[in-house]
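Just so you know, ligand 1 is whichever comes first in the structure, and atom 1 is the first atom listed for that ligand.
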Amino acid sequence: MSMVDSFEKIPCEIFANTQEGSRHVADEIAAIIRERQKNNQSCVLGLATGSTPISLYVELVRMHREEGLSFKNVVTFNLDEYYPVERDAFQSYWNFMHRHLFNHIDIIPENIHIPNGELPKEQIKSHCIEYEQMIDEAGGIDLQILGIGNNGHIGFNEPGSSIFSKTRLITLDNSTRIANSREFQNIAKVPRMAITSGISTILKAHRIILMAWGFKAQIIARAVEGHVTEQVPASILQQHNNCTFILDEEAASELTRFKSPWLTGEIEWSPKMIKRAVVNMALKLNKPVLGLTTYDYNENGLGDLLVEKGDAYEINLQVFYMLRDSITGWPGGKPNAVIPNHPERSEPYPKTCIIFSPHPDDDIISMGGTFMRLHDQGHDVHVAYQTSGNIAVTDEFVTRFIDFAVGFEDLFEMDNQRSRKILDYAQKFVSTKKPNQMDTMEIRSIKGLIRRCEAKATCRYVGLKDENIHFQNLPFYETGTIEKNPMGEEDVKVTMALLRKVKPQQVYCAGDLADPHGTHRVCLDIVFESLRRIQAAGEEWVKDCWVWLYKGAWQEWDIADIEMAIPMSPDQMMKKRYGIFIHQSQKDMVPFQGSDNREFWQRAEERNGNTANLYAELGLTKYAAMEAFVRWHY
Ligand code: F6R
């Protein structure tokens, strides 16, 4: 048994990204299907919904189209379905599965099984019993695909579900309803119940693959390394003898082999690794870094580090200086000062900087203090708003603003026939709009305009010139629905053109992988791809361009990874708060809010305050708040 195995009680395979992980799973599925075809047998798959398996289904569809993979011998059983839900509703899992997979392959419709969310309640029990019987009659599930909820649920077996549970009607956890509200206009529209395969049903599968991407790292670590407990239903998979977790690097990042690799074997002690080990130990022991002793190192699995580096106090000092040197009030570098370990260069001064903001408010929410400092310290700051953000505006805002346009024209005696017509049209559209109906192009553009005006107002509040504000309206985002397209050639072209025009020495972008809609992730990939191509073209200016990543609204960098921390005074925090307030369309339970229902300014303040507190706990000066950045090297 390797050291890793002594921590990981479920085999984990880790891939560089979602696509590679999904391809691996698709290959395994294709192999079973083909093997069964050779013997004229059927292949029974257990399938999941949610954002996780989408890339798997994309790959299976590709294999069908390009490699002739046939699904004629495939029988499927889906894990779950909302209750009650109409089969044809956009959010039903029936609809999801057809949209993403079944409509694009040659599966025989009678072989598709999805719990029925349309039945009257009194028939559900017998439906569930039948569902189990049908699985048995099909010979059991050959391969069960699972995702995992943030609370550890598999299927919709919420924490507390028994290991003996069978297919049944359950009440959804509030956290699940909030997480899944991204598919619905608002939380109130998320069904309260669901039909789900039970844990015992899942465990009967001959083979199980659980996939997880991005921000699931914490719960993955608990499921893989923690005790088996019904409180973390996925941990029960430790008892299955043929289960594998397929993870991307982000989702695997809390496993001991990555989080504390010194505990799972010999490692090379780079300065970054030393910082991570010592910072984690200090926080765990509730001690400032300079207070750690030889005893602490030995007791916490860092004896090797002591042997290699000698004295505990020397190591403490090294880490303390790294932390100290990451703090600066000069995000663009301090002009006319030679500070050897400053996170940024002092030359050139002033710098040309560009902040890429995935949505129209990420700049101010996630790095508002730094944004203001860069401008106030004389740098030429540009902001690129990557997407229109139009789906996150309520209908009420649309009519309110057109009403304003009509009133404005009235006030100044302008001809307002046209705007009145538009108001009539919008009022009619909004009042007859079905729950999940897509907005028309006109309505979407008005919503985009509202957000554009808010973004512009924020830039003016910071002090930017209008010509430094760029609205990219990247096409991948403009689907009108919660599901976005993948990064496209046009997105990269538009971004390369802007970078070439601005020729920045500093680029800031959202290194946020936890965006529930995936928009931040795509926006980041677009900037990376654009920079890589410009670099490959050998353009001089890009050699001098540093990239700093901030985290979007959902997470913060691990304290040990932060390479630049910008402190904020209470006044600066207040100024940032007012900057966030300008985004009025994003206040008070916006549509598609994700899993955190606090307002954005609250999240930002808590997060920035928390970073400052952690620095203070480690023994550094206590600031009111701090924004944090990690440098990306390309
Ligand atoms: C869906 C299902 C759920 C999801 C889980 C994760 O059929 O069974 O357990 O796998 O809620 O959802 P995503 O993938 O959207 O994060």
Side-chain angles (χ1 to χ4, degrees), residues 18 21-22 25 45-58 76-83 85 91-102 112-117 131 141 144-161 165 167-184 190-191 193-199 201-203 205 208-220 223 232-237 243 245-248 250-251 482-484 513-519 521 554 592 594-596:
T18 312
S22 303
V25 179
L45 298 178
L47 298 178
T49 54
S51 56
T52 308
I54 292 179
S55 45
L56 167 66
Y57 298 150
V58 167
T76 63
F77 287 90
N78 261 79
L79 279 169
D80 40 23
E81 177 60 284
Y82 288 118
Y83 186 81
V85 77
Q91 293 87 356
S92 80
Y93 285 164
W94 172 276
N95 191 323
F96 176 99
M97 287 307 301
H98 284 78
R99 221 167 53 239
H100 289 285
L101 185 65
F102 299 147
I112 297 171
H113 304 91
I114 301 176
N116 185 348
Y131 203 72
I141 287 177
Q144 174 68 57
I145 299 296
L146 296 176
I148 180 169
N150 274 323
N151 59 6
H153 72 213
I154 45 176
F156 275 138
N157 293 286
E158 301 289 22
S161 296
S165 55
T167 305
R168 68 203 185 286
L169 191 62
I170 53 95
T171 305
L172 291 171
D173 241 28
N174 205 34
S175 67
T176 301
R177 292 186 66 235
I178 292 172
N180 288 14
S181 66
R182 61 173 185 258
E183 296 150 13
F184 295 80
V190 185
M193 290 189 281
I195 304 172
T196 183
S197 299
I199 300 202
T201 329
I202 293 174
L203 288 177
I208 299 177
I209 293 183
L210 183 146
M211 303 189 297
W213 322 126
F215 62 106
K216 302 272 175 69
Q218 304 269 0
I219 194 68
I220 285 295
V232 180
S235 68
I236 300 175
L237 296 170
C243 170
F245 278 21
I246 300 289
L247 311 171
D248 67 1
E250 176 82 4
I482 193 78
E483 281 167 15
K484 307 298 183 306
L513 307 169
D515 171 23
H517 309 168
T519 297
R521 184 61 210 244
W554 286 272
F592 311 116
S595 54
D596 185 342

- Within the 4.0 Å heavy-atom cut-off, what Thr176 brings close to ligand 1 is neither

- What are the two closest non-hydrogen atoms of Phe245 and Ala234, and how far apart are they? CZ-O, 4.4 Å

- Residues passing the side-chain contact (heavy atoms from CB on, under 4.5 Å) test with Ile54, sequence neighbours excluded, are Val58, Phe96, His100

- Among Thr171, Thr176, Ile178, side-chain contact (heavy atoms from CB on, under 4.5 Å) partner for Asn174: Ile178

- Run the numbers for me: atoms of ligand 1, each under 4.0 Å from some heavy atom of Lys216, listed by number. 6 (C), 13 (P), 16 (O)

- Message: Evaluate Asp80 for polar contact with ligand 1, using N/O atom pairs at a separation under 3.5 Å.
- Response: yes

- Note on the structure: Checking Glu158, Met193, His153 against Leu172 for side-chain contact (heavy atoms from CB on, under 4.5 Å), the one that qualifies is Glu158

- Return the residue, atom name and 0.1 Å-rounded distance of the protein heavy atom closest to atom 10 (O) of ligand 1. Gly147 CA, 3.3 Å

- Does the side chain of Ile145 come within less than 4.5 Å of Leu45's, by heavy atoms? no

- For atom 15 (O) of ligand 1, the closest protein heavy atom turns out to be Arg182 NH2, 2.4 Å

- Query: Would you say ligand 1 has an N or O under 3.5 Å from any N or O of Gly155?
  - Reply: yes

- Check whether any side-chain heavy atom of Thr52 sits under 4.5 Å from a side-chain heavy atom of Lys216, and report yes or no. yes

- Under 4.0 Å from any heavy atom of His153, which atoms of ligand 1 are there? 3 (C), 5 (C), 9 (O), 11 (O)

- Gly50: numbered ligand 1 atoms lying under 4.0 Å from its heavy atoms: 14 (O), 15 (O)

- Item | Tyr93 N/O to ligand 1 N/O under 3.5 Å | no

- Note on the structure: Residues at least two apart in sequence or cross-chain that pass ring-ring contact (aromatic ring centres under 6.0 Å, His included) with Trp213, listed by chain then number, are none

- Item | Nearest-neighbour protein heavy atom for atom 1 (C) of ligand 1, which is reported as residue plus atom name and distance | Thr49 OG1, 3.1 Å

- Query: Can you tell which of Thr196, Thr201, Asn157 makes a side chain to side chain donor-acceptor pair (under 3.5 Å) with Arg168?
  - Reply: Asn157

- Side chain, backbone, both or neither: which part of Leu79 comes within less than 4.0 Å of ligand 1 when only heavy atoms are counted? side chain

- Tell me: protein heavy atom nearest atom 14 (O) of ligand 1, and distance? Thr52 OG1, 2.4 Å

- For atom 6 (C) of ligand 1, what's the nearest protein heavy atom and its distance? Ile148 O, 3.3 Å

- Message: Contact between Tyr93 and Leu79 at the side-chain level, heavy atoms closer than 4.5 Å - yes or no?
- Response: no

